[in-house]
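Everything below concerns the one structure shown next.
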Amino acid sequence: MKLSEFFSMGGYAFYIWGSYLIAFIAIGGEVLLLWRRRHAQKQVNFSLPESKYDEKTS
Amino acid sequence: MTKRKFNWYKYASPANFYPLAGKMIPWFAIPAAILFIVGLYVGFFVAPTDAQQGEVYRIIFIHVPAAWMGMFLYILLAVYAGIGWAFNARLSAMMASSISITGAMFTFLSLITGSLWGKPTWGTWWVWDARMTSTLILMFLYIGFISLQSAIDDPRRADRAGAVLALVGVINIPIIYFSVQWWNTLHQGATIRILNKPTMAPPMLAAMLIMLAACWLYSIAIVLYRLRFIIVERERGAAQVAAATAGI
């Protein structure tokens, strides 16, 4: 199979590659937005409180 | 001294679940990335051209898993929201908020890819078919849940309001699932049924199931990742209270 033949997808290139491009943008975008939220959150200095359930069981 | 028992309640506390979630993420994220690559390879290089549809059917490798995830995640969201509401469990409610974004993303993806498949196959981007309409309603339920949560300032009240919406909306899931049987409209029936043999070539089925597994693993990883941010944002107040009262 030739490369150009593969990319033309039997004439459905727009629909197939369009679908996968949107999927890539949607999933990649979700990861990227969270990745950026990480930097925004880093500027706040705080620590989580100790839990009352910690090491209590015997 | 008796044998130390594992305390399940320990991880119901957001502060204790936070580091555990962090450790779990790579165990889901890395297999997800590998399975996405394997699934796409099988879908594009191993699966044969469809006899009726030609190449365009290859959209189903993302369309079907996305549509399934949209429904699965909604059920999961409703369960977590319900537990959070019934038992006043903060972490459960945070989980529901975290799931809502990923669920909305997959539902959006299923609508868009379905549309891109429908245009060359049915000759139309959209029809008010039973399954498509009920999936659109699912999208609105996700959007409603997300906007309701962000519209209410008090997070505990937002959790309860969201839980009511999520639980009422569960009725839509069987409607989506059985829509192709109840109403004989444009969307085709199920290709994969639990009791019958699937009516598709094994490599096609394999590609779809690998992509579904990848979507599941991805969802778990991203939901845990977002959950950690939600924990930090919501528990910040608790941390400040703990710090302020530490000396008393």
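Reckoned from all heavy atoms, side chains included, excluding hydrogens, waters and symmetry mates. Keep in mind the model is a prediction, meaning the values are calculated, not measured. So that the names make sense, note that chain A is the first sequence line, chain B the second, and so on, each numbered from 1.
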Mind running side chain to side chain donor-acceptor pair (under 3.5 Å) on Glu30(A) and Thr102(B) for me, showing each step along the way? CA-CA 8 Å; Glu30(A) 193 185 14; Thr102(B) 305; 2.6 Å; yes

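Residues Phe61(B) and Leu40(B) have side chains not in contact (no heavy-atom distance under 4.5 Å, counting atoms from C-beta outward). Contact annotation: the side chain of Arg234(B) never approaches that of Phe229(B) to less than 4.5 Å [non-hydrogen atoms, C-beta and beyond]. Within the 4.5 Å cutoff, the side chain of Phe45(B) has heavy atoms near those of the Phe6(A) side chain.
The candidate from Gly29(A), Ala23(A), Gly11(A) with the greatest count of non-hydrogen atom pairs under 4.5 Å with chain B is Ala23(A). Note on Ile101(B), Thr49(B), Ile62(B): by heavy-atom pairs under 4.5 Å with chain A, the leading option is Ile62(B). Options Ser115(B), Pro120(B), Gly54(B), Ala221(B) differ in how many heavy-atom pairs under 4.5 Å they form with chain A, and the most are formed by Pro120(B).
Contacts of Tyr12(A) with chain B are made by side-chain atoms alone, with heavy-atom separations under 4.5 Å and no backbone atom involved. Looking at Ile112(B), only its side chain comes within 4.5 Å of chain A, counting heavy atoms on both sides. Contacts between Ile59(B) and chain A at a heavy-atom distance below 4.5 Å involve backbone atoms as well as side-chain atoms. In this structure, the portions of Trp35(A) lying under 4.5 Å from any heavy atom of chain B include both its backbone and its side chain.
Between Trp125(B) and Tyr15(A), the ring planes lie tilted relative to each other; the angle falls in the 30° to 60° range.
Atom CG of Asp154(B) has more than 12 heavy atoms from other residues, nucleotides or ligands within 6.0 Å.
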